[in-house]
Amino acid sequence: IGEEEDVIEESEDGDDEEEDAEATGTDPDEREVMLGILQPETGDLGELGTPIADAAELPALQLENEGSPVTVAVQREDTQTESEAGISRAEDLVAAGVPSFTGAAASDVTIPVAESVAIPEQVVMCSPASTSPLITDLDGDYVFRTAPSDALQGQVMAEVAFEERGWESAASFHLNDDYGQALSEVFVDSFEELGGEVTNEVAFEPEQPSYTSGLEDVLSDEPDVLIVIAFPVSGIQIFRDFYGEFSDELPIMVTDGLIEDGLPEDVDNPMDNVMGTAPAADGPEADAFAELYEEEYGSGPGVFNAHAYDASAVQILANLRAGENDGDAISSQMREVANPGGEVVGPSNFAEGVELAADGAEVEYQGASSTVDFDENGDMESVSYDIFEFGDFEIEAVERIEFEA
Amino acid sequence: MTTMSDVEVSGADGAAESEATHPLRISNLTKTFGGILAVDGASFAVERGSITGLIGPNGAGKSTTFNLITGVHAPDSGHVYFEGEDITGLQPHQVAERGLVRTFQITRELGEMTVLENMLLAFKGQRGEALWRSVLPVARRRVVEEERDLLERVWETLELFEIDHLAHEEAGNLSGGQRKLLELSRALLTDPEMLLLDEPMAGVNPTLEGKLLERIHDLTDEGYTFLIVEHDMDVIMENCEHVIVMHQGSVLAEGTPADIQSNERVIEAYLGGEV
Amino acid sequence: MTVDETDADPDADADRTAADGSGAAPASPLEGAAAVTESRPRWQVDLGYIVLTTIGIYALITALGLLTGLGFGGVFRQLQTVTFLAAAYALVVLALNLHWGYTGLFNIGVAGFMAVGAYGMAILTAPTEGTTTPGLGLPMWVGIPVGVALAGLVGLIVVLPALRIRADYFAIVTLAFAEVIRLTINSGALADVDAFGRQLGTGGGRGINFPLLEHAIPRWVLYEGGDPAQGATFVGVQVLTVTNRLGIERTVVESAIYTSVLVGLVAIVFVLSVRTANSPFGRLLKGIREDELATKSLGKNTDLVKIKVFVLGCAIMGLAGIFWQGRNGYVDPDAFLPIITFYIFIALIIGGSGSNTGSVVGALVFAGVLFEGPPYVQRIINQVIDLPRPTTIYDAVVALGSFDPLPLVGYTVGQLANLRFVLFGVILILLMIYRPDGLLGHRDEPASPLDLRAERPTDGPSSVDGGDDDE
Amino acid sequence: MLVVDGLDAGYGDLQVLHNVDLQVDEGEYVAIVGPNGAGKSTVMKSVFGLTTYMGGRIEFQGREISGLRPEDIITHGIGYVPQNDNIFSSLSVRENLEMGAYILDEVPEDAIAEVFNRFPILEERQDQTVGSMSGGQQQMVAMGRALMLDPDLLLLDEPSAGLAPDLVEDMFDRVDAINDDDTAVLIVEQNAKEALRRCDRGYVLVQGENRYEDDGDALLADEQVRRDFLGG
Amino acid sequence: MGDVTDFTWEQWFGVLLLAGVGVLILDLLRRLAVGDLGASTLTTFLWRGLVDGLIVGLAAVGLSMTYSILRFANFSHGDLVTTGAFSGWTAVWVIGGLGAADLGSRLLLNADRSTSARALDVHVYAEPLAIVAGLVIAALVTILVALAIDRLVYRRMRDSGGIPLLIASVGVALVLRYLIVFLYGERTRGVVRSSPSVDHPLLFWTDGLVVHELIMVGSAVVLMVGLHVLLQYTKLGTAMRAMADNRDLALITGIPTERVILATWIIGAGLTGVAGYLIVLEQETLNFNTGWFLLLLIFAAVILGGIGSIYGAITGGLIIGLADNVMLVWISGDLTRVAAFTLMILILIFRPQGLFGGVETA
Ligand SMILES: Nc1ncnc2c1ncn2[C@@H]1O[C@H](COP(=O)(O)OP(=O)(O)OP(=O)(O)O)[C@@H](O)[C@H]1O
Ligand SMILES: Nc1ncnc2c1ncn2[C@@H]1O[C@H](COP(=O)(O)OP(=O)(O)OP(=O)(O)O)[C@@H](O)[C@H]1O
Ligand SMILES: [Mg+2]
Ligand SMILES: [Mg+2]
C-alpha cells in the first residue's frame with residue numbers, strides 16, 4: 001500500500017504544472033497561484049451565479065491591478081446549476097492542476113461535487129453560497145464554506161420571532177425541497193425549544209397555479225406568525241394568493257430566498273406585514289469590498305458576493321502560505337490564514353497580506369462577509385444576520401444580529 | 001327437411017357423445033352491446049372433421065359468435081365447450097392454445113413485420129419464446145435449429161398459398177386478397193384442431209379460391225374441423241357437409257346444404273329467393 | 001458501370017445492405033477480427049457503426065479541445081465524461097428500446113424507474129449514522145441487486161393496471177407514475193421514517209449520501225475485499241503496476257475502471273438485447289407492437305410477455321439509475337425530473353427505435369454532441385472572446401439599430417444553455433420529419449435467429465430477394 | 001368520359017401499375033377483374049389521386065385530373081367506395097351519409113331518404129355508430145355515402161365482399177339501377193362472373209398490366225380467362 | 001355461473017373505488033361535525049378546487065379537440081398556453097401602459113425589472129380595453145404560432161402515426177418554451193394588479209367576489225359549452241369528427257381535410273391562447289413554465305374524461321382540481337398531487353377508455 005502512496009507522489013511530481021511550482025516555489029514573488037471558480041453562470045441560478053463568480057475572481061484582478069508580484073491563474077467554470085455538469089467541470093479543474101476552487105453555489109451541486117471530486121481527489125473547495133446543513137457533515141478538511149449554514153438561520157428566525165417579537169405560535173409554509181425542508185425543520189425545533197408552539201407545518205410544490213388551499217391549511221389553527229420559506233418563482237404567487245384571501249394583518253416572516261427588492265412590486269402589495277432574515281455580509285471590511293466591486297464591475301455587489309470574495313481570498317492566502325499548488329497543503333493552511341492569530345489582512349490590504357502569506361508569516365484574514373473563522377467542519381464559527389422589514393413596497397434592513405454557532 | 005327440433009335434440013344430447021363427435025359446442029350464448037342484442041341464445045355444435053358453414057344475413061351475429069367463442073368478448077350468458085372443456089370466458093390466447101384458432105373478417109396482419117415473420121410467429125410452443133432460451137448460449141443453439149425447421153414449413157405453406165414471392169414484403173403492403181391468404185395460412189401454422197374462418201374467401205380470386213377449398217378439404221381429411229362464415233352460397237353449398245343459419249342472433253336452421261336451400265324460413269330471411 | 005450499380009432498383013439495394021457489411025468491415029480493426037470468424041456479418045456491421053460513431057465523436061471533442069487550448073488533460077476529462085454519460089444513456093436507451101422499439105409500450109416514465117433503482121440502492125447502502133439521511137449501511141453488492149429488483153417490482157406494479165389501456169393512455173399513466181414516484185420521494189412525509197427500529201427514509205428534498213460507487217466498484221476490482229488496506233488483488237496488481245509506470249493517478253484509474261464496468265454492462269445488455277430481438281421471443285414482442293389481438297388469437301399469452309418485458313426493461317432502467325447516480329454518491333429527487341425521460345427518448349430516436357445498435361449510437365450522439373456540445377462550445381467562445389452582455393434582448397436588438405450586432409451575439413451566447421433546448425427541439429422535429437426511423441432504425445432486423453433474407457431451405461421458384469417482378 | 005392512358009403508378013418507390021390503359025364511356029358499366037394483388041385497387045386509387053403518380057395520363061370528361069387532390073376530383077363528379085376502411089366508424093349512420101355530401105351547402109334530405117329506402121336497416125339504425133355494425137351493414141353505409149352526391153362516375157372496389165347473397169343481388173341490382181340513370185360505373189369484383197355478366201365491358205388486370213379487354217360476355221366465354229381467373 | 005361474468009373485476013374495482021370515495025366523504029362530514037375541520041376551510045378547498053379544475057379544464061378542451069381530430073397527444077399544448085399568456089399580456093402592457101414605462105420594459109413584460117403592474121395599473125376596471133385587446137391578441141398570436149408550427153412541422157408528417165407526431169410535439173414544446181425564455185427571460189413576474197372584488201350577499205362563505213376569478217370562471221364555462229355545440233351540431237364539427245375517425249376516407253369523401261385541419265388549429269389554438277391568457281388573469285403571475293407545469297394535469301384531465309369529449313375534459317379537470325385541493329384534509333400539501341395522479345390511474349383501471357370515452361358527447 002505504501003507503494004501506491006508513493007506512486008501518487010511520483011505521478012504528481014511528474015505533472016508539468018507541479019514542476020513549475022516547485023521550480024519557482026522558493027521565489028514567492030513569481031509563483032503562480034492556481035484558483036478555480038465553479039459557479040452556475042447559466043441554468044436555474046444563472047442570474048445569481050454570474051455576479052458571484054465575478055466577485056470570486058475579484059481578489060485575483062485586484063492583485064493584478066495593484067501590481068502585485070503574485071499572479072493568480074484563475075480558471076472559471078460553469079456548473080449550469082446541474083450536478084452532472086458540475087462534476088465534469090470540477091474534474092476539468094482538477095485535471096488542469098487546480099488545487100482549490102471557489103464553488104459551487106447550489107447545495108445540490110456542491111454536495112455531489114464534494115463527494116465525487118473534491119474529497120476523493122483531495123482538492124479544497126470553498127462554497128460561498130451553499131447554505132444546506134448537509135454540507136456541515138462533509139469532510140471538513142476539503143470542504144469549506146464562507147456561507148452560513150441554514151441551520152443557523154432557522155435558529156435566528158426562531159429567536160427573533162419568539163423572544164424579540166413575542167409571537168408564541170407559528171406555522172411554517174415551506175418549499176418542498178432541501179432548502180425549505182431543512183430550514184423549516186430547524187426553525188420548528190428551535191421555536192419549540194424556546195417554548196413556542198408550531199401549529200402547522202405544510203410543504204408545497206413549486207410553481208403551482210394557486211396556493212390558496214395550502215395557505216388555508218397552514219393557517220387553519222390561527223398562528224401568531226406565518227413563516228414562508230420560498231423563492232420568488234413561487235413566492236410571488238403565494239403572496240398574491242395570501243393577500244387575495246387572508247388578512248393582511250397577520251405577521252409573516254420570510255427567509256433570505258424571498259428578500260428580493262422587486263418582490264412587493266411583483267406581488268402588487270406593500271407587504272407591510274412581512275419581515276425576514278438573511279445572512280448579512282457583515283465583515284469588518286464589507287465597505288472596502290463593496291468599493292472594490294463597484295470599481296471593477298460598475299455596480300454594487302449582490303447576494304453572496306462578499307462571501308465569494310472571501311472564499312477566493314482565503315484560498316489564495318492559504319495557497320501562498322503552503323507554497324505549492326497542492327490540495328492537501330492548502331487544506332492544512334486554510335484555518336491558519338483565516339482564524340485568529342497573526343497580522344490582520346482583508347480586502348483593503350489584500351496585496352500586502354498576500355506577500356506576508358507568501359513569506360510564510362502568520363496572518364488572520366478578516367473579510368467582507370464576516371471575520372471568516374472556520375470551525376472543524378469547515379463552516380463559519382460565527383455569522384451575522386440582517387433582519388429586514390418590508391413596508392410600502394420597500395425592503396429595509398433594520399437590525400443586525402451576530403450569531404455564534 | 002331437417003327441422004329445428006332435430007337440431008335441438010342433437011344439441012341436448014349427452015355431453016359424452018357430442019364430445020367425441022362434436023369438438024365445439026356452444027349453448028345459449030347471449031351478448032348485448034349497449035342496447036343491441038347481437039347474439040341471442042345461440043346454440044349449436046360442430047362435427048369433428050367436417051366443414052361446417054355458418055351463414056346468415058348481415059348483422060345476424062356470426063362474427064360476434066366467433067368473438068364469443070374465441071374469447072375476444074365475454075358472453076353475457078351461455079357456455080362454450082371445446083373438446084368437452086368449458087372454455088367460456090377464457091382469454092383469446094388460452095382458446096387458441098387449446099387448438100381453436102380463428103381468422104378475422106377484417107384482416108389483422110402485423111403490418112410492419114414481413115410475411116415470413118408473420119408466419120413464423122404462428123407456431124405454437126416455440127422453444128425460443130422463452131426469453132432465457134433465446135438469450136443464453138447453449139439453449140439458443142437449439143432455438144436456431146428449431147427455427148430452421150419452422151422456416152421450412154413456412155416456405156412450404158407460402159408456396160401452397162402462392163404468396164411465397166411476397167415472403168420479404170411487409171404485411172402492411174399486401175393487397176386485400178393477399179392479406180386474407182396470409183391470415184389463413186398463418187392460422188394453419190398454429191397446428192389447430194379446429195379453425196374458425198370469418199369470410200376467408202371474400203376478396204379472394206376465384207381461381208385461388210378453388211385451390212384454397214381443395215386445401216381445406218385435404219385438411220379435413222387429415223382430421224381438422226372447420227367452421228366457416230361465408231356469404232358466397234356456391235362455396236357453402238358445394239363444400240359444407242353441414243350448414244348453420246343464424247338470424248337475429250339465434251340459430252334459425254341447421255342441416256345439410258340441400259335442407260337449407262329448401263328451408264322456407266332461410267330463403268325468406270337470407271337467400272332472398274335466389275339459388 | 002459504377003453508376004449503374006448505385007442506381008440499381010430497390011431490390012438490388014436490399015441485397016447490397018447485406019453485402020455492404022463485409023465491405024465496410026475493415027474500417028476498424030475490431031471488425032476485422034470479427035470478420036475472420038465469418039459467422040455474423042450483422043455483428044460486424046453493428047459494431048462498425050458503434051465504433052465509427054465513437055471515433056467520430058472522440059475526434060470532434062479532441063480536435064475542438066486542443067484547438068482551443070483545453071490541453072490534453074481537459075480533453076481526456078471531457079472524453080471520460082462523455083464516455084460515461086454515453087454509456088449511462090446507452091444502458092437506459094436499450095431498456096427503453098425493449099419497451100417501445102420492440103413491444104410498442106410507450107413508457108414515458110423512465111425517470112421514475114431510474115429513481116426507484118437509485119433510491120433503492122442509496123437507502124440500502126447509505127451509512128447507518130453520521131449522515132443526515134441514514135440508511136441500512138449494507139455493502140453495494142447487496143444494494144445494487146436489490147435496487148434493480150425494486151425497479152423491476154415497481155415496473156410490475158405499474159404494468160399490471162396498465163395492461164389493458166391503449167398506447168397513449170399508457171404513456172400518460174407511466175408519466176404520472178414517474179411523477180408520483182418523484183413527488184413521493186421528495187415529500188417530507190417519507191423523509192425520515194422509523195422502520196425496523198432504525199432511522200430510515202428518502203431524505204425528502206435533501207437527498208441521500210451513500211458510498212460512491214465510482215470508488216467502491218473499482219476498489220472491488222483492485223483490492224482484496226474492496227479495501228485498499230488489505231492489498232491489491234491479482235487484477236489490481238497488474239493494473240496498478242502498469243498505470244504506475246505510466247504515471248496515471250489512482251483516482252483516474254478508478255474512474256476509468258468504473259466507466260469500463262459500465263461500458264461492460266452496456267455490452268452485456270446490448271448482446272442480450274440483440275439476441276432477444278433476433279429470436280422468437282423478439283418476434284412475439286413485434287407481434288404485440290403491431291396488433292395485440294391478432295397475436296393473442298394465435299395463442300400467445302401477450303399479457304405475460306408484456307409483463308415480462310416491462311419488468312425487465314424497468315430493472316435495467318433501475319440499473320442505469322444506480323450507475324448514473326453512483327458516480328455522484330448522492331441522489332436527490334431533482335435528478336429524476338420528467339425532462340430526463342425526454343432526453344432518453346431523444347437519444348433513442350436519434351439512433352432509431354427498434355434497433356439496438358441505433359440505441360447505442362443514439363446515446364453516443366446525444367451525450368457526446370447534443371448534450372455536452374453546446375456548453376463545451378460556450379466555454380470555448382467565452383475563453384476566446386469577450387462579448388458584451390446586455391440583460392435583455394430588447395437592449396440587444398436596439399443596439400442592432402446602430403449597427404452593432406455584438407450585443408445580440410453576446411446575449412445569444414449567454415443564452416446558449418437555454419438555446420440548447422431549442423436545439424434539442426429542432427433536432428427532434430427534423431428527425432421526425434426527415435428520418436422518423438432515426439439514423440439506424442427500421443433497418444430490416446429480422447425477428448428471428450436466422451437471417452431470413454439469406455436463408456431459404458427449399459429451392460422455390462423465386463430467389464432470395466422477394467422478387468415481385470420475377471414472375 | 002374517363003380515359004386512363006399508359007398509367008404508371010405505385011406506392012413510394014414501388015411501381016405497381018405498368019402502362020395501364022382503361023376507358024369508361026358516358027353511362028358505361030365497366031368491370032375490372034384479376035387475381036389478388038394485380039393492382040385493381042391501385043387503379044381505383046390512382047384515379048382518385050391516392051397513389052404515387054409515375055407517368056401516363058388520366059382524363060375525366062376531357063379534363064386532365066392526374067395530380068389533382070381527392071377533394072377536387074370529387075367535385076368533378078366521381079364517387080368512390082374503397083375496398084377497406086370505407087366508413088367513419090365513430091360517426092352515426094346519418095352523419096356518415098351527411099359527410100358524403102359535404103361539398104353541398106345543404107344536407108340533401110332527399111338523397112338520404114333514397115339511401116334509406118334502398119337499405120331500410122340503415123334508417124332503423126341511423127343514430128348508431130357505424131363501427132358497432134356488422135361488416136355487411138358497414139358496406140351498405142359505405143355505398144350509401146358514395147351515392148349521396150349522385151356522381152357521374154362511381155368507382156366501386158369489391159362492393160359485394162361480405163354481403164349476404166340477397167344483398168349481393170340487391171347490390172348488383174342497385175348498381176344496375178344507378179347505371180341506368182346514366183351514371184357510369186367502374187367496378188372491381190372478385191365475384192367476377194356476376195360482374196362480367198352485368199357489365200358492358202371488362203378488363204382483366206394481371207401483375208399491374210392489362211391482359212384482356214372485351215365485352216363482359218365475351219370474357220366470360222373465353223376459355224383461358226375462365227380457367228385462369230374465374231375459377232373454371 | 002354465467003351471471004358471474006356480469007360483474008367483471010373491473011366493475012368490482014369501480015365499486016371499491018366508489019366505496020373509497022364514499023368513506024372519504026363520510027369522514028369529511030364526521031370531521032366537520034366534530035370540528036376537526038372548519039367549514040370555511042372546507043369551502044375554501046372546494047371553491048379553490050373548482051377554480052383550479054376549471055383552469056385545467058379550460059386548458060384541456062383545446063387539447064382534447066386537437067388530440068381527437070389530429071390524432072396525436074400534443075405535448076406542446078402547455079407551451080401554447082404559455083404563448084397565449086405571454087402574447088396577450090404583452091399586448092395589455094404595450095397598449096395599457098402607454099407612457100407609464102418605456103417600451104422595452106413593456107414589450108418584455110418587465111424583464112429588466114424597471115416597472116411593475118402597479119405602475120401601469122393593469123386590472124380590468126382601469127384598463128378594460130387593453131384587457132379585451134389582450135384577449136384577442138392572445139388568441140390571434142397563438143393561432144398564428146400554431147398554424148406556423150403546423151405548416152413547418154405537422155403538415156409534413158400528416159401520414160405519420162400518433163407517436164411520431166407526439167414526439168415531434170415534444171420537440172416543438174422545447175423550442176417554444178425556450179424561445180420564450182430567450183425573449184422574456186426566466187423570471188416569474190406579476191403581470192396584473194390584484195383583482196378588484198365586488199361585495200355581494202350571494203355566496204355564504206365569502207362576501208367579496210374576485211372579479212378576475214369570475215371572469216375566468218364565466219369565460220371558461222361559456223367557451224366549453226360553445227365548443228361542444230360547435231362540434232356536435234355543426235357540419236364543420238361533424239367533419240372534424242369524421243377526420244378524427246378516418247382521414248383517408250375523409251379525403252375521398254370530399255371533405256377538404258387541410259381546411260378542416262386549419263379550422264381545428266384555429267379553434268383549438270385560439271381556445272388555448274385564450275385559456276392561457278385567462279389563467280394568468282386569475283392567477284396574476286406568469287412564468288415560462290406556466291403552461292408546461294399544467295400539462296400533466298391537462299393530460300390527466302383529458303384522459304380521465306376520455307379523449308375527444310369536451311365534457312369529459314371539464315369533468316376530468318374538476319376531478320383533478322378537487323382532488324388536488326380537498327385531499328389536504330387528509331394528507332400533507334406535498335402529497336396532494338400524488339393523490340390526484342393516483343386517482344387518475346385508479347379510475348383508468350376501471351374505465352380504461354376514460355369516463356366519457358366511447359360515449360360520443362364530442
Ligand atoms: N400501401 C401500399 N404500399 C405498398 N404496396 C402496396 C400498397 N397497397 C398495395 N400494394 C401492393 O400493390 C400490389 C397491388 O395491390 P392492389 O391492392 O391494387 O391489388 P388488388 O388487385 O386490389 O388485389 P385484391 O383483389 O387482393 O384486393 C400488391 O402487390 C400490393 O402488395
Ligand atoms: N363491438 C360492438 N359494439 C356494438 N355493437 C356491435 C359490436 N359488434 C357487433 N355489434 C352488433 O351486433 C350485431 C351482429 O354483428 P356481427 O358482426 O356479429 O354480424 P355478422 O353476422 O358477422 O354480419 P356480417 O355478415 O355482415 O359480417 C350487429 O347488429 C352489430 O351492429
Ligand atoms: Mg361478420
Ligand atoms: Mg383490391
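Values below: every heavy atom of this structure, side chains too, minus hydrogens, waters and symmetry copies. This is a predicted model, so every value here is computed, not measured. A, B, ... follow the sequence lines: proteins, then strands. Residue 1 opens every chain.
The distance from the CD atom of D:Glu95 to the CD atom of E:Gln232 is 6.5 Å, given to the nearest 0.5 Å. Note that the CE atom of D:Met44 and the CD1 atom of E:Ile252 stand 11.5 Å from one another [nearest 0.5 Å]. Atom-to-atom distance recorded for D:Phe88:CZ and E:Met243:CE is 9.0 Å, nearest 0.5 angstrom. Taking CG from E:Asn246 and CE from D:Met99, the interatomic distance works out to 13.0 Å, rounded to the nearest 0.5 Å.
Annotation: side chain of E:Leu249 is not in contact with side chain of D:Tyr80 (no heavy-atom distance under 4.5 Å). Using a 4.5 Å cut-off on side-chain heavy atoms (C-beta onward), E:Leu236 and D:Tyr102 make contact.
The environment of CD in D:Glu109 is crowded: more than 12 heavy-atom neighbours from other residues, nucleotides or ligands sit within 6.0 Å. Under a cut-off of 6.0 angstrom, the local environment of CZ in E:Arg158 is crowded, with over 12 non-hydrogen atoms contributed by other residues, nucleotides or ligands.
Closest approach of D:Ile74 and E:Thr253 over heavy atoms only: CD1-O, 3.0 Å. The two residues E:Lys235 and D:Asp105 come nearest to each other via the heavy atoms NZ-O, 3.8 Å.
Only the backbone of D:Leu104 comes within contact range of chain E, with heavy atoms under 4.5 Å apart. There is no contact between E:Ala244 and chain D, counting heavy-atom distances below 4.5 Å.
A salt bridge is defined here as a Lys NZ or Arg NE, NH1 or NH2 lying under 4.0 Å from an Asp or Glu carboxylate O, and E:Glu258 with D:Arg69 fails to meet this definition.
Within residues 48-56 of chain D, the residues approaching chain E closer than 4.5 Å by heavy atoms are, in numerical order, D:Phe48, D:Leu50.
Residues satisfying the side chain to side chain donor-acceptor pair (under 3.5 Å) criterion with D:Gln23, sequence neighbours excluded, are D:Asp25.
For the set D:Ile87, D:Ile73, D:Asp72, D:Ile78, the count of heavy-atom pairs under 4.5 angstrom toward chain E peaks at D:Ile87.
Between the E:Asp245 side chain and the D:Ser89 main chain, a donor and an acceptor come within less than 3.5 Å of each other.
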